[in-house]
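Each chain gets a letter, A, B and so on, in the order the sequences are listed, and its residues count up from 1.
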There are 2 protein chains.
Amino acid sequence: MIDDEVLAGHQQELRRGTVVMAALATLETPGYGYGLLAVLEKSGLSVDANTLYPLLRRLEKQGLLAAEWDTTESRPRKMYKTSDAGRNLLGTLEAEWNHLATSLNALRSEESNPHLKELP
Amino acid sequence: MIDDEVLAGHQQELRRGTVVMAALATLETPGYGYGLLAVLEKSGLSVDANTLYPLLRRLEKQGLLAAEWDTTESRPRKMYKTSDAGRNLLGTLEAEWNHLATSLNALRSEESNPHLKELP
DNA sequence: ACACGATACTGTGTCACACACACTGTTGTC
DNA sequence: GACAACAGTGTGTGTGACACAGTATCGTGT
């Protein structure tokens, strides 16, 4: 009944931002892009590789992640880890997340009891 | 310490999608744009008018909201209400929201107990 | 009487992010 | 020696958030 493309679009809009939280949280223990991709996939957060790689570069440029090339092994990997600023932002975003959850819940219950709108 | 613009950007990314849920939930009882704006503001969901109006039109075009002009009063208002498809989508998005919350929590606790990663 | 802010909405930009597509190169494995 | 999985970069394209600029009506003060 619902157009699949419309549904997918809105679901994706909802996911936006959460990937940043997931990355910042996961990379408190250092890791690299491709590996992170697998971890997120396993955790039920499906992220496209073409989305994650640019995201990591952006977070690095913003100073939220620290990055350096690991060339100790033959296959070079770009290792990322969450910086102090990143940890800081993660906290803020989690607070915002909880705030949003609270607000949505409030609207939801107000909806099932519309008469509450009349109260002071 | 954190760049304010960067912070604001990520917070906004997180809010994306939640406004759709808020609108669909609130408009189960019919309402109009400017009024919805006030309701959301009061609920702690700050949405720009220039964001909400186009959003409502888009949701209407997607068949998630039903709209009709109310011209009974001198000041014309475009009344919106959530359609069956909209109610349907709202349920899906709420499920997705809970799914995301669960995944993020999982990543967070895995993070504080990294050794769990080794377990089968 | 009229200036001004609040109400209520439309339309046209601009910019950033998600993702598609197209690459480069390495390491197993069959 | 072909081929999939690994690990990453770069270059589009489209959509949504918001800035800015309008249109028009209503209420209140002076």
Side-chain angles (χ1 to χ4, degrees), chain A residues 3 5-23 27 30-42 45-62 64-65 67-80 93 100, chain B residues 3 5-23 27 30-42 45-62 64-65 67-80 93 100:
Chain A
D3 184 347
E5 291 190 38
V6 169
L7 171 74
H10 285 293
Q11 275 182 325
Q12 186 201 315
E13 286 296 311
L14 200 56
R15 266 195 298 274
R16 273 175 96 125
T18 62
V19 182
V20 172
M21 279 200 282
L27 292 176
Y32 60 100
Y34 197 90
L36 178 59
L37 208 60
V39 171
L40 295 184
E41 183 71 25
K42 207 177 57 132
L45 280 171
S46 56
V47 190
D48 195 295
N50 295 312
T51 299
L52 186 62
Y53 282 124
L55 176 74
L56 291 174
R57 284 178 242 162
R58 196 166 65 250
L59 294 179
E60 183 196 359
K61 196 183 291 179
Q62 293 175 344
L64 303 165
L65 291 178
E68 70 184 280
W69 283 96
D70 176 5
T71 49
T72 57
E73 298 184 33
S74 58
R75 189 193 292 281
R77 288 166 170 174
K78 202 171 184 177
M79 298 297 289
Y80 291 96
L93 290 181
L100 288 171
Chain B
D3 183 350
E5 291 192 36
V6 169
L7 171 74
H10 286 292
Q11 275 182 324
Q12 185 202 313
E13 287 294 311
L14 201 56
R15 266 195 297 273
R16 275 177 94 124
T18 61
V19 182
V20 171
M21 280 200 282
L27 292 175
Y32 60 100
Y34 197 89
L36 179 58
L37 207 59
V39 171
L40 295 185
E41 184 71 25
K42 205 175 57 125
L45 280 171
S46 56
V47 191
D48 195 292
N50 295 313
T51 298
L52 186 62
Y53 283 123
L55 176 73
L56 291 173
R57 286 177 240 160
R58 197 165 65 250
L59 294 178
E60 183 195 0
K61 196 183 290 179
Q62 294 174 344
L64 302 166
L65 291 177
E68 70 184 280
W69 282 97
D70 176 5
T71 49
T72 57
E73 299 184 32
S74 58
R75 188 191 294 278
R77 289 167 169 174
K78 201 170 184 178
M79 297 296 288
Y80 292 96
L93 290 181
L100 288 172

Does dG8(D) have OP1 or OP2 sitting under 4.0 Å from an N or O in the side chain of Y32(A)?
no
Nearest-nucleotide pick for [X], side chain only, options being [options]:
X	options	result
N50(A)	dC9(C), dA24(D), dA22(C)	dA22(C)
T51(B)	dC9(C), dT27(C), dA17(D)	dA17(D)
Y53(B)	dT10(C), dT25(D), dT27(C)	dT10(C)
R16(B)	dT9(D), dA17(D), dC17(C)	dA17(D)
K78(A)	dC17(C), dG8(D), dA17(D)	dG8(D)
Q12(A)	dT26(C), dA8(C), dC19(C)	dC19(C)
R57(A)	dT9(D), dA18(C), dC9(C)	dT9(D)
E13(B)	dC17(C), dA17(D), dT7(C)	dC17(C)

Given atom [atom1] of [X] and atom [atom2] of [N], what is their separation to the nearest angstrom?
X	N	atom1	atom2	result
E5(A)	dG14(D)	CD	P	14 Å
R75(A)	dT24(C)	CZ	P	17 Å
D70(A)	dG8(D)	CG	C1'	14 Å
Q11(B)	dA16(C)	CD	P	18 Å
L55(B)	dC9(C)	CG	P	14 Å
Y34(B)	dA24(D)	OH	P	19 Å
L36(B)	dT7(C)	CG	C1'	15 Å
L45(B)	dA17(D)	CG	P	13 Å

Give one of base, sugar-phosphate or nothing for D48(B), where a contact means two heavy atoms less than 4.0 Å apart.
sugar-phosphate
Identify whether any heavy atom of R77(A) sits under 4.0 Å from a base atom; if not, whether one sits that close to sugar-phosphate; answer base, sugar-phosphate or nothing.
sugar-phosphate
Which heavy-atom pair separates [X] from [Y] by the least distance, and what is that distance?
X	Y	answer
H10(B)	L59(A)	CE1-CD2, 3.7 Å
Y53(B)	G33(B)	CE2-CA, 4.1 Å
A49(A)	P54(A)	O-CD, 4.1 Å
L14(A)	T18(B)	CD1-N, 4.0 Å

Taking only Lys NZ, Arg NE, NH1 and NH2, and the carboxylate oxygens of Asp or Glu, determine whether K78(A) and E60(A) approach each other closer than 4.0 Å.
yes
Between D70(B) and T72(B), is there a donor-acceptor pair closer than 3.5 Å when you use the side chain of the first and the backbone of the second?
yes
Could you pick out which residue, E73(B) or G35(A), lies toward the 5' side of DNA chain D when each is mapped onto its nearest nucleotide?
G35(A)
Would you mind telling me which residue lines up with the more 5' stretch of DNA chain C, P76(A) or R58(A), judged by nearest nucleotide?
R58(A)
